[in-house]
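First comes the structure, then the notes that go with it.
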Amino acid sequence: MVENLFEMELGMLSQDIINNFVSPDGTNRIEIDILVRQFSAQLFDFLTNSTELSPLPALNKIDQTFFQIPISGQSIQEIQDKLEKVYQLSMNAANPRYLGHMDSIPSIYSILGDYIASALNNNMLSLEMSPLLTQLENNLMIQFASLFGLPNGSGGVMLSGGTLANLQALVVARNHKLKIKDGNVYSLSQQPVVFTSEVAHVSVTKSCMLMGIGSSNVIKVKSNQNAQMCVDDLILKIDEQIKLGNVPFAIVATAGTTITGSIDPLNEVANIAKRFNLWFHVDAIYGGALIFSVEHKHLINGIELADSISFNPQKWLYVAKTCSMVLFRDFSGMVNNFRITAPYMKDQEDFINLGEITVQGSKYAEVLKLWLSLLGLGIRGYGQLILHCYVLRDIFVAKIASRKWLELAANPDTNVICFRVMSFDADQCDRLNEELQIYLLRQCGFFVSLPKFRGQNWLRVVMINPFTSPEIIDELFTKIDCFLHNLNLN
Ligand SMILES: Cc1ncc(COP(=O)(O)O)c(C=O)c1O
(Lines give C-alpha, C1' and ligand atoms only; values in the text may rest on other atoms or scores of the structure.)
Protein backbone atom coordinates (compact mmCIF):
# COMPACT_ATOMS: atom_id res chain seq x y z
CA MET A 1 0.00 0.00 0.00
CA VAL A 2 2.72 2.41 1.08
CA GLU A 3 4.86 1.26 -1.89
CA ASN A 4 1.97 1.97 -4.30
CA LEU A 5 1.54 5.44 -2.89
CA PHE A 6 5.26 6.07 -3.34
CA GLU A 7 5.17 4.92 -6.98
CA MET A 8 2.13 7.03 -7.62
CA GLU A 9 3.82 10.13 -6.22
CA LEU A 10 6.97 9.48 -8.24
CA GLY A 11 4.81 9.04 -11.31
CA MET A 12 3.45 12.52 -10.78
CA LEU A 13 6.73 14.12 -11.77
CA SER A 14 6.37 15.14 -15.40
CA GLN A 15 9.24 14.92 -17.86
CA ASP A 16 9.33 18.75 -17.92
CA ILE A 17 10.19 18.71 -14.24
CA ILE A 18 12.60 15.82 -14.54
CA ASN A 19 14.45 17.64 -17.34
CA ASN A 20 15.44 20.33 -14.87
CA PHE A 21 17.99 17.80 -13.61
CA VAL A 22 20.60 15.59 -15.20
CA SER A 23 19.20 12.12 -14.73
CA PRO A 24 21.84 9.99 -12.95
CA ASP A 25 21.20 7.04 -15.28
CA GLY A 26 21.66 9.14 -18.39
CA THR A 27 18.08 8.76 -19.66
CA ASN A 28 17.74 12.47 -20.50
CA ARG A 29 21.32 13.06 -21.56
CA ILE A 30 20.36 14.02 -25.14
CA GLU A 31 17.79 16.60 -24.00
CA ILE A 32 20.17 18.09 -21.43
CA ASP A 33 22.99 18.16 -23.95
CA ILE A 34 20.83 20.12 -26.41
CA LEU A 35 19.79 22.52 -23.64
CA VAL A 36 23.36 23.14 -22.49
CA ARG A 37 24.55 23.70 -26.08
CA GLN A 38 21.77 26.22 -26.67
CA PHE A 39 22.68 28.23 -23.57
CA SER A 40 26.36 27.90 -24.29
CA ALA A 41 25.85 29.22 -27.85
CA GLN A 42 23.93 32.22 -26.53
CA LEU A 43 26.64 32.91 -23.95
CA PHE A 44 29.43 32.72 -26.53
CA ASP A 45 27.50 34.96 -28.91
CA PHE A 46 27.71 37.54 -26.13
CA LEU A 47 31.29 36.85 -25.06
CA THR A 48 32.66 36.93 -28.60
CA ASN A 49 30.83 40.12 -29.40
CA SER A 50 31.67 42.10 -26.30
CA THR A 51 33.74 44.72 -28.14
CA GLU A 52 30.52 45.76 -29.92
CA LEU A 53 28.67 46.34 -26.66
CA SER A 54 29.23 49.21 -24.26
CA PRO A 55 31.73 48.37 -21.50
CA LEU A 56 29.11 49.61 -19.06
CA PRO A 57 25.45 49.75 -20.09
CA ALA A 58 23.36 52.75 -19.07
CA LEU A 59 21.51 52.18 -15.81
CA ASN A 60 17.94 51.52 -16.95
CA LYS A 61 15.20 50.99 -14.44
CA ILE A 62 13.83 47.54 -15.26
CA ASP A 63 10.10 46.93 -15.29
CA GLN A 64 9.65 44.84 -12.12
CA THR A 65 7.41 42.28 -13.90
CA PHE A 66 10.59 41.12 -15.66
CA PHE A 67 11.71 39.56 -12.35
CA GLN A 68 8.36 37.90 -11.59
CA ILE A 69 8.60 34.31 -10.30
CA PRO A 70 6.48 32.22 -12.74
CA ILE A 71 3.76 29.79 -11.64
CA SER A 72 5.00 27.10 -14.03
CA GLY A 73 8.43 26.40 -15.40
CA GLN A 74 9.19 28.33 -18.59
CA SER A 75 10.36 27.15 -21.98
CA ILE A 76 14.00 27.31 -23.09
CA GLN A 77 13.08 30.13 -25.47
CA GLU A 78 11.39 32.18 -22.75
CA ILE A 79 14.36 31.74 -20.43
CA GLN A 80 16.83 32.65 -23.18
CA ASP A 81 14.80 35.78 -23.94
CA LYS A 82 15.19 36.83 -20.30
CA LEU A 83 18.89 36.03 -20.39
CA GLU A 84 19.36 38.14 -23.49
CA LYS A 85 18.40 41.16 -21.45
CA VAL A 86 20.79 40.11 -18.68
CA TYR A 87 23.62 40.01 -21.23
CA GLN A 88 22.70 43.37 -22.72
CA LEU A 89 22.49 45.08 -19.34
CA SER A 90 25.48 43.57 -17.55
CA MET A 91 28.85 45.07 -16.82
CA ASN A 92 31.04 44.06 -19.75
CA ALA A 93 34.60 43.73 -18.43
CA ALA A 94 35.54 41.57 -21.43
CA ASN A 95 35.44 44.71 -23.58
CA PRO A 96 39.10 45.86 -23.83
CA ARG A 97 37.85 49.44 -23.37
CA TYR A 98 36.51 48.54 -19.91
CA LEU A 99 39.35 50.02 -17.90
CA GLY A 100 37.74 51.38 -14.76
CA HIS A 101 38.06 48.71 -12.08
CA MET A 102 40.11 45.74 -10.90
CA ASP A 103 37.71 43.45 -12.78
CA SER A 104 39.49 40.99 -14.96
CA ILE A 105 38.15 38.89 -17.79
CA PRO A 106 37.96 35.36 -16.34
CA SER A 107 40.19 32.71 -17.88
CA ILE A 108 38.22 30.04 -19.72
CA TYR A 109 39.44 27.40 -17.26
CA SER A 110 38.11 29.42 -14.35
CA ILE A 111 34.72 29.67 -16.10
CA LEU A 112 34.76 25.91 -16.58
CA GLY A 113 35.85 25.47 -12.97
CA ASP A 114 32.76 27.35 -11.80
CA TYR A 115 30.54 25.28 -14.05
CA ILE A 116 32.00 22.00 -12.87
CA ALA A 117 32.08 23.03 -9.19
CA SER A 118 28.39 23.92 -9.38
CA ALA A 119 27.59 20.60 -11.03
CA LEU A 120 29.58 18.63 -8.43
CA ASN A 121 28.02 20.76 -5.69
CA ASN A 122 30.38 19.45 -3.01
CA ASN A 123 30.30 21.29 0.27
CA MET A 124 33.67 22.57 1.47
CA LEU A 125 32.25 22.58 4.99
CA SER A 126 33.81 19.17 5.68
CA LEU A 127 36.19 16.57 4.36
CA GLU A 128 33.35 14.06 4.30
CA MET A 129 31.36 16.29 1.92
CA SER A 130 34.31 17.24 -0.31
CA PRO A 131 36.93 14.52 0.02
CA LEU A 132 39.32 15.58 -2.73
CA LEU A 133 38.51 19.27 -2.95
CA THR A 134 39.25 19.85 0.77
CA GLN A 135 42.70 18.32 0.27
CA LEU A 136 43.16 20.42 -2.87
CA GLU A 137 42.36 23.62 -0.95
CA ASN A 138 44.74 22.66 1.87
CA ASN A 139 47.51 21.85 -0.54
CA LEU A 140 47.10 24.92 -2.76
CA MET A 141 47.02 27.24 0.25
CA ILE A 142 50.32 25.77 1.48
CA GLN A 143 51.81 26.30 -1.99
CA PHE A 144 50.55 29.91 -2.08
CA ALA A 145 51.93 30.57 1.41
CA SER A 146 55.28 29.30 0.21
CA LEU A 147 55.14 31.46 -2.95
CA PHE A 148 54.64 34.46 -0.65
CA GLY A 149 57.76 33.33 1.23
CA LEU A 150 56.01 32.19 4.42
CA PRO A 151 57.86 29.40 6.27
CA ASN A 152 56.95 25.73 6.85
CA GLY A 153 53.90 25.45 9.03
CA SER A 154 52.07 28.18 7.12
CA GLY A 155 48.82 27.64 5.25
CA GLY A 156 45.39 29.12 4.80
CA VAL A 157 41.78 28.89 3.73
CA MET A 158 39.70 30.17 0.85
CA LEU A 159 36.78 32.54 1.23
CA SER A 160 34.23 34.34 -0.92
CA GLY A 161 35.90 37.72 -1.37
CA GLY A 162 38.60 39.87 0.15
CA THR A 163 36.45 41.46 2.82
CA LEU A 164 35.93 38.06 4.46
CA ALA A 165 39.65 37.32 4.11
CA ASN A 166 40.60 40.55 5.89
CA LEU A 167 37.92 39.91 8.52
CA GLN A 168 39.25 36.45 9.31
CA ALA A 169 42.84 37.71 9.53
CA LEU A 170 41.84 40.44 11.98
CA VAL A 171 39.70 38.11 14.09
CA VAL A 172 42.66 35.76 14.47
CA ALA A 173 44.96 38.73 15.23
CA ARG A 174 42.55 39.98 17.90
CA ASN A 175 42.05 36.54 19.49
CA HIS A 176 45.77 35.84 19.49
CA LYS A 177 47.06 39.20 20.70
CA LEU A 178 44.28 39.96 23.21
CA LYS A 179 43.76 36.31 24.24
CA ILE A 180 40.02 36.54 23.87
CA LYS A 181 38.97 33.69 21.64
CA ASP A 182 36.49 32.51 24.25
CA GLY A 183 36.09 35.83 26.01
CA ASN A 184 34.68 39.07 24.69
CA VAL A 185 35.97 42.49 23.74
CA TYR A 186 33.61 44.32 26.08
CA SER A 187 35.24 42.77 29.14
CA LEU A 188 38.61 44.33 28.23
CA SER A 189 39.59 47.24 30.44
CA GLN A 190 41.49 48.95 27.61
CA GLN A 191 40.27 49.78 24.09
CA PRO A 192 41.91 47.67 21.34
CA VAL A 193 43.05 49.60 18.24
CA VAL A 194 44.24 48.71 14.73
CA PHE A 195 46.45 50.82 12.44
CA THR A 196 46.15 51.11 8.70
CA SER A 197 46.84 53.74 6.07
CA GLU A 198 44.28 56.45 5.35
CA VAL A 199 43.97 55.02 1.82
CA ALA A 200 43.51 51.37 2.88
CA HIS A 201 40.40 49.50 1.76
CA VAL A 202 37.19 50.03 3.73
CA SER A 203 37.03 46.32 4.55
CA VAL A 204 39.53 46.94 7.38
CA THR A 205 37.10 49.37 9.00
CA LYS A 206 34.14 47.13 8.22
CA SER A 207 35.91 44.17 9.86
CA CYS A 208 36.59 46.16 13.04
CA MET A 209 32.96 47.27 13.13
CA LEU A 210 31.89 43.61 12.90
CA MET A 211 34.44 42.47 15.50
CA GLY A 212 33.27 44.75 18.27
CA ILE A 213 36.47 46.81 18.04
CA GLY A 214 34.51 49.71 16.58
CA SER A 215 35.12 51.44 13.28
CA SER A 216 36.46 54.56 15.02
CA ASN A 217 39.22 52.46 16.58
CA VAL A 218 40.85 51.91 13.22
CA ILE A 219 43.59 54.52 13.42
CA LYS A 220 44.30 56.02 10.00
CA VAL A 221 47.99 56.57 9.31
CA LYS A 222 49.01 59.32 6.86
CA SER A 223 50.14 58.33 3.39
CA ASN A 224 52.91 59.97 1.37
CA GLN A 225 52.56 61.53 -2.09
CA ASN A 226 52.69 58.06 -3.62
CA ALA A 227 49.84 56.93 -1.39
CA GLN A 228 52.11 54.64 0.66
CA MET A 229 51.89 54.45 4.43
CA CYS A 230 54.18 56.97 6.22
CA VAL A 231 56.12 54.93 8.73
CA ASP A 232 57.03 57.98 10.84
CA ASP A 233 53.36 58.76 11.27
CA LEU A 234 52.68 55.10 12.06
CA ILE A 235 55.15 55.22 14.97
CA LEU A 236 53.72 58.54 16.13
CA LYS A 237 50.16 57.17 16.10
CA ILE A 238 51.13 53.98 17.95
CA ASP A 239 52.84 56.05 20.67
CA GLU A 240 49.81 58.32 20.90
CA GLN A 241 47.43 55.40 21.37
CA ILE A 242 49.62 53.80 24.02
CA LYS A 243 49.73 57.13 25.90
CA LEU A 244 45.93 57.30 25.70
CA GLY A 245 45.82 53.91 27.47
CA ASN A 246 44.54 52.01 24.42
CA VAL A 247 45.89 48.62 23.27
CA PRO A 248 47.33 48.45 19.75
CA PHE A 249 47.13 44.87 18.47
CA ALA A 250 47.53 44.91 14.67
CA ILE A 251 48.87 46.84 11.70
CA VAL A 252 47.34 46.31 8.26
CA ALA A 253 49.64 47.25 5.38
CA THR A 254 48.41 47.19 1.79
CA ALA A 255 50.15 45.72 -1.25
CA GLY A 256 48.14 47.34 -4.04
CA THR A 257 45.72 49.97 -2.77
CA THR A 258 42.31 50.12 -4.37
CA ILE A 259 42.53 53.57 -5.93
CA THR A 260 46.19 54.02 -6.85
CA GLY A 261 47.54 50.44 -6.64
CA SER A 262 50.24 51.62 -4.22
CA ILE A 263 52.37 49.29 -2.14
CA ASP A 264 53.18 50.22 1.46
CA PRO A 265 56.83 49.89 2.62
CA LEU A 266 56.35 46.33 3.84
CA ASN A 267 59.80 45.74 5.34
CA GLU A 268 59.65 48.91 7.40
CA VAL A 269 56.09 48.25 8.58
CA ALA A 270 57.11 44.69 9.51
CA ASN A 271 59.93 46.08 11.67
CA ILE A 272 57.57 48.44 13.47
CA ALA A 273 55.08 45.63 14.07
CA LYS A 274 57.90 43.57 15.58
CA ARG A 275 59.11 46.45 17.74
CA PHE A 276 55.66 47.00 19.26
CA ASN A 277 54.71 43.31 19.27
CA LEU A 278 51.77 43.85 16.92
CA TRP A 279 50.17 41.46 14.44
CA PHE A 280 51.34 42.27 10.90
CA HIS A 281 48.65 41.69 8.28
CA VAL A 282 49.22 42.46 4.60
CA ASP A 283 46.16 43.16 2.47
CA ALA A 284 47.60 41.86 -0.80
CA ILE A 285 44.11 41.43 -2.19
CA TYR A 286 45.27 43.07 -5.41
CA GLY A 287 49.07 43.10 -5.49
CA GLY A 288 49.49 39.50 -4.28
CA ALA A 289 49.53 38.41 -7.92
CA LEU A 290 53.07 39.79 -8.15
CA ILE A 291 54.37 36.52 -6.66
CA PHE A 292 54.07 35.19 -10.22
CA SER A 293 56.16 37.95 -11.77
CA VAL A 294 59.90 37.42 -12.03
CA GLU A 295 60.34 41.10 -13.00
CA HIS A 296 58.12 42.71 -10.35
CA LYS A 297 58.00 40.34 -7.39
CA HIS A 298 60.58 42.49 -5.57
CA LEU A 299 57.92 45.20 -5.18
CA ILE A 300 56.30 43.14 -2.43
CA ASN A 301 59.52 42.30 -0.61
CA GLY A 302 58.81 42.14 3.10
CA ILE A 303 55.49 40.34 2.64
CA GLU A 304 57.25 37.17 3.80
CA LEU A 305 57.43 38.74 7.28
CA ALA A 306 53.63 38.95 7.58
CA ASP A 307 51.62 37.08 10.21
CA SER A 308 48.77 36.91 7.70
CA ILE A 309 48.18 37.79 4.05
CA SER A 310 44.89 38.18 2.17
CA PHE A 311 44.82 37.72 -1.59
CA ASN A 312 42.10 37.69 -4.28
CA PRO A 313 42.84 35.54 -7.34
CA GLN A 314 39.55 36.95 -8.66
CA LYS A 315 41.41 40.12 -9.55
CA TRP A 316 44.84 39.94 -11.18
CA LEU A 317 44.85 36.13 -11.56
CA TYR A 318 41.85 36.23 -13.91
CA VAL A 319 39.75 33.81 -11.85
CA ALA A 320 35.97 34.29 -11.95
CA LYS A 321 34.44 35.92 -8.87
CA THR A 322 34.43 35.09 -6.11
CA CYS A 323 37.81 33.68 -5.21
CA SER A 324 39.84 34.80 -2.23
CA MET A 325 42.23 33.42 0.36
CA VAL A 326 43.73 34.26 3.72
CA LEU A 327 47.11 32.79 4.60
CA PHE A 328 48.70 32.48 8.03
CA ARG A 329 52.35 32.27 8.98
CA ASP A 330 51.41 29.85 11.77
CA PHE A 331 48.52 27.76 10.52
CA SER A 332 48.01 25.78 13.72
CA GLY A 333 48.12 29.04 15.68
CA MET A 334 45.27 30.27 13.46
CA VAL A 335 43.34 27.06 14.17
CA ASN A 336 43.78 27.49 17.94
CA ASN A 337 42.57 31.05 17.74
CA PHE A 338 39.61 30.47 15.48
CA ARG A 339 38.27 26.92 15.42
CA ILE A 340 34.71 26.26 16.52
CA THR A 341 33.89 22.59 16.15
CA ALA A 342 30.53 21.53 14.77
CA PRO A 343 28.90 18.42 16.24
CA TYR A 344 27.38 17.40 12.90
CA MET A 345 30.76 17.16 11.21
CA LYS A 346 32.81 14.01 11.48
CA ASP A 347 36.26 14.48 13.01
CA GLN A 348 39.09 13.49 10.70
CA GLU A 349 42.56 12.52 11.77
CA ASP A 350 44.72 14.46 9.37
CA PHE A 351 42.36 17.16 8.19
CA ILE A 352 40.41 19.84 9.93
CA ASN A 353 37.01 20.41 8.38
CA LEU A 354 37.28 23.76 6.59
CA GLY A 355 33.89 24.87 7.89
CA GLU A 356 35.35 24.87 11.42
CA ILE A 357 38.20 27.21 10.58
CA THR A 358 36.64 29.75 8.23
CA VAL A 359 34.16 32.58 8.66
CA GLN A 360 31.87 30.69 6.29
CA GLY A 361 30.10 27.41 7.10
CA SER A 362 28.87 25.81 3.89
CA LYS A 363 31.56 26.79 1.48
CA TYR A 364 31.69 26.88 -2.31
CA ALA A 365 34.55 25.08 -4.03
CA GLU A 366 36.24 28.29 -5.18
CA VAL A 367 39.43 26.26 -5.27
CA LEU A 368 38.46 24.31 -8.39
CA LYS A 369 38.39 27.32 -10.72
CA LEU A 370 41.62 28.62 -9.20
CA TRP A 371 43.33 25.28 -9.71
CA LEU A 372 42.08 24.82 -13.29
CA SER A 373 43.20 28.35 -14.11
CA LEU A 374 46.65 27.61 -12.66
CA LEU A 375 46.79 24.37 -14.66
CA GLY A 376 45.88 26.26 -17.84
CA LEU A 377 48.35 29.14 -17.46
CA GLY A 378 51.08 27.91 -15.13
CA ILE A 379 53.38 30.24 -13.20
CA ARG A 380 55.02 31.38 -16.46
CA GLY A 381 51.71 32.21 -18.15
CA TYR A 382 50.72 34.39 -15.23
CA GLY A 383 54.14 36.04 -15.25
CA GLN A 384 53.67 36.96 -18.92
CA LEU A 385 50.18 38.36 -18.31
CA ILE A 386 51.49 40.56 -15.49
CA LEU A 387 54.42 41.76 -17.61
CA HIS A 388 51.97 42.67 -20.40
CA CYS A 389 50.03 44.78 -17.87
CA TYR A 390 53.21 46.64 -16.87
CA VAL A 391 54.07 47.35 -20.52
CA LEU A 392 50.60 48.88 -21.00
CA ARG A 393 51.02 50.83 -17.77
CA ASP A 394 54.28 52.34 -18.98
CA ILE A 395 52.72 53.37 -22.29
CA PHE A 396 49.78 54.92 -20.44
CA VAL A 397 51.94 56.80 -17.93
CA ALA A 398 54.20 58.16 -20.69
CA LYS A 399 51.13 59.58 -22.42
CA ILE A 400 50.03 61.33 -19.23
CA ALA A 401 53.55 62.73 -18.72
CA SER A 402 53.55 64.20 -22.24
CA ARG A 403 50.34 66.19 -21.65
CA LYS A 404 50.72 69.28 -19.51
CA TRP A 405 47.06 69.29 -18.43
CA LEU A 406 47.12 65.80 -17.02
CA GLU A 407 48.59 64.76 -13.67
CA LEU A 408 49.06 61.50 -11.76
CA ALA A 409 47.67 61.00 -8.25
CA ALA A 410 50.66 58.81 -7.41
CA ASN A 411 53.48 57.09 -9.26
CA PRO A 412 51.85 53.75 -9.95
CA ASP A 413 53.56 50.74 -8.33
CA THR A 414 51.21 48.40 -10.19
CA ASN A 415 48.97 48.58 -13.25
CA VAL A 416 46.42 50.83 -11.50
CA ILE A 417 46.74 54.40 -12.78
CA CYS A 418 44.93 57.30 -11.14
CA PHE A 419 45.08 60.62 -12.99
CA ARG A 420 43.05 63.72 -13.79
CA VAL A 421 42.78 66.87 -15.81
CA MET A 422 44.28 69.66 -13.72
CA SER A 423 42.51 72.85 -12.84
CA PHE A 424 43.30 75.62 -10.37
CA ASP A 425 39.80 75.61 -8.94
CA ALA A 426 38.95 72.46 -6.94
CA ASP A 427 35.21 72.45 -7.76
CA GLN A 428 35.86 73.12 -11.41
CA CYS A 429 38.44 70.34 -11.40
CA ASP A 430 35.90 67.88 -9.99
CA ARG A 431 33.29 68.90 -12.58
CA LEU A 432 35.74 68.73 -15.45
CA ASN A 433 36.89 65.22 -14.62
CA GLU A 434 33.35 64.03 -14.10
CA GLU A 435 32.36 65.44 -17.50
CA LEU A 436 35.36 63.77 -19.11
CA GLN A 437 34.46 60.44 -17.54
CA ILE A 438 30.89 60.66 -18.85
CA TYR A 439 32.08 61.81 -22.28
CA LEU A 440 34.47 58.85 -22.55
CA LEU A 441 31.76 56.38 -21.61
CA ARG A 442 28.77 57.71 -23.47
CA GLN A 443 30.43 59.08 -26.59
CA CYS A 444 33.62 57.12 -26.97
CA GLY A 445 32.88 53.64 -25.57
CA PHE A 446 35.57 53.75 -22.85
CA PHE A 447 34.88 53.02 -19.19
CA VAL A 448 37.26 54.85 -16.87
CA SER A 449 36.17 55.07 -13.22
CA LEU A 450 35.80 58.25 -11.16
CA PRO A 451 36.98 57.54 -7.61
CA LYS A 452 37.26 60.10 -4.84
CA PHE A 453 40.88 60.38 -3.77
CA ARG A 454 41.96 62.82 -1.06
CA GLY A 455 38.50 64.37 -1.29
CA GLN A 456 38.55 65.03 -5.04
CA ASN A 457 37.40 63.39 -8.27
CA TRP A 458 40.08 61.49 -10.16
CA LEU A 459 40.03 59.20 -13.17
CA ARG A 460 41.28 55.68 -12.78
CA VAL A 461 42.24 52.91 -15.17
CA VAL A 462 43.42 49.37 -14.45
CA MET A 463 45.52 47.90 -17.25
CA ILE A 464 44.37 44.33 -16.67
CA ASN A 465 42.61 43.14 -19.82
CA PRO A 466 44.95 41.03 -22.01
CA PHE A 467 43.10 42.37 -25.07
CA THR A 468 43.69 46.05 -24.25
CA SER A 469 46.39 47.06 -26.75
CA PRO A 470 48.69 50.08 -27.25
CA GLU A 471 46.37 51.05 -30.16
CA ILE A 472 43.39 51.15 -27.79
CA ILE A 473 45.37 53.37 -25.40
CA ASP A 474 46.22 55.65 -28.35
CA GLU A 475 42.54 55.81 -29.20
CA LEU A 476 41.65 56.75 -25.61
CA PHE A 477 44.18 59.59 -25.55
CA THR A 478 42.93 60.87 -28.91
CA LYS A 479 39.49 61.15 -27.29
CA ILE A 480 40.91 62.84 -24.17
CA ASP A 481 42.85 65.29 -26.41
CA CYS A 482 39.68 66.03 -28.33
CA PHE A 483 37.80 66.76 -25.08
CA LEU A 484 40.60 69.04 -23.86
CA HIS A 485 40.85 70.72 -27.26
CA ASN A 486 37.16 71.64 -27.11
CA LEU A 487 37.89 73.31 -23.79
CA ASN A 488 40.94 75.04 -25.25
CA LEU A 489 43.14 73.17 -22.79
CA ASN A 490 45.68 71.60 -25.12
C1 LIG B 1 43.00 46.44 -1.38
C2 LIG B 1 41.67 45.78 -1.25
N3 LIG B 1 41.39 45.11 -0.12
C4 LIG B 1 40.20 44.49 0.07
C5 LIG B 1 39.23 44.52 -0.90
C6 LIG B 1 37.91 43.84 -0.65
O7 LIG B 1 37.75 42.74 -1.51
P8 LIG B 1 36.29 42.21 -1.90
O9 LIG B 1 35.64 43.28 -2.71
O10 LIG B 1 36.58 40.96 -2.68
O11 LIG B 1 35.54 41.93 -0.64
C12 LIG B 1 39.47 45.23 -2.10
C13 LIG B 1 38.47 45.30 -3.15
O14 LIG B 1 38.64 45.88 -4.19
C15 LIG B 1 40.73 45.87 -2.27
O16 LIG B 1 41.01 46.57 -3.38
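First listed ligand is number 1; within each ligand, the first listed atom is number 1. In what follows, every heavy atom counts, from backbone to side chain, and hydrogens, waters and symmetry copies are set aside.
Less than 4.0 angstrom separates some heavy atom of Gln314 from each of these atoms of ligand 1: 10 (O). Numbered from 1 in the order shown, with element, the atoms of ligand 1 that lie under 4.0 Å from a heavy atom of Lys315 read 13 (C), 14 (O). The Ser203 neighbourhood of ligand 1 comprises atoms 4 (C), with distances under 4.0 Å to a heavy atom of that residue. Using a 4.0 Å cut-off to heavy atoms of Ile285, the atoms of ligand 1 that qualify are 2 (C), 3 (N), 4 (C), 5 (C), 12 (C), 15 (C). Atoms of ligand 1 lying under 4.0 Å from any heavy atom of Gly256, numbered from 1 in the order shown and given with element: 1 (C).
With a 4.0 Å heavy-atom cut-off, ligand 1 is reached by the side chain of Asn312 but not by its N, CA, C or O. Using a 4.0 Å cut-off between heavy atoms, Asn166 contacts ligand 1 through its side chain alone, with no backbone atom that close. The proximity of Thr163 to ligand 1, defined as any non-hydrogen pair under 4.0 Å, involves the side chain as well as the backbone.
Side-chain contact of Tyr98 with Asn92: a donor-acceptor pair under 3.5 Å is absent, judged by distance alone. In summary, the side chains of Ser107 and Ser373 do present a donor paired with an acceptor at a separation below 3.5 Å, with no hydrogens or angles considered. Side chain to side chain, Asp307 and His281 fail the donor-acceptor criterion of an N or O pair below 3.5 Å. Looking only at atom types and distance, the side chain of Asn166 has a donor-acceptor partner in the side chain of Ser203 under 3.5 Å away.
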(request) List the steps, then state whether ring pair (Phe, Tyr, Trp, His ring centres under 6.0 Å) holds for Phe396 with Phe419. (result) CA-CA 10 Å; Phe396 204 102; Phe419 68 106; 5.5 Å; yes
(request) Show your working on side-chain contact (heavy atoms from CB on, under 4.5 Å) between Phe311 and Val282 and close with a plain yes or no. (result) CA-CA 9 Å; Phe311 172 48; Val282 181; over 6 Å; no
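Counting protein heavy atoms only, atom 6 (C) of ligand 1 is closest to His201 CE1, 3.3 Å. Looking only at heavy atoms of the protein, atom 3 (N) of ligand 1 is closest to Asp283 OD2, 2.6 Å.
The aromatic rings of Phe447 and His101 sit tilted relative to each other, their planes meeting at an angle between 30° and 60°.
For a threshold of 3.5 Å applied to N or O pairs, the pair formed by Thr258 and ligand 1 contains at least one separation below that value.
When Gly287, Gly162, Cys323 are checked for heavy-atom proximity to atom 8 (P) of ligand 1, Gly162 turns out nearest.
Residues Lys85 and Ile62 approach most closely at CE-CD1, 4.3 Å, considering heavy atoms.
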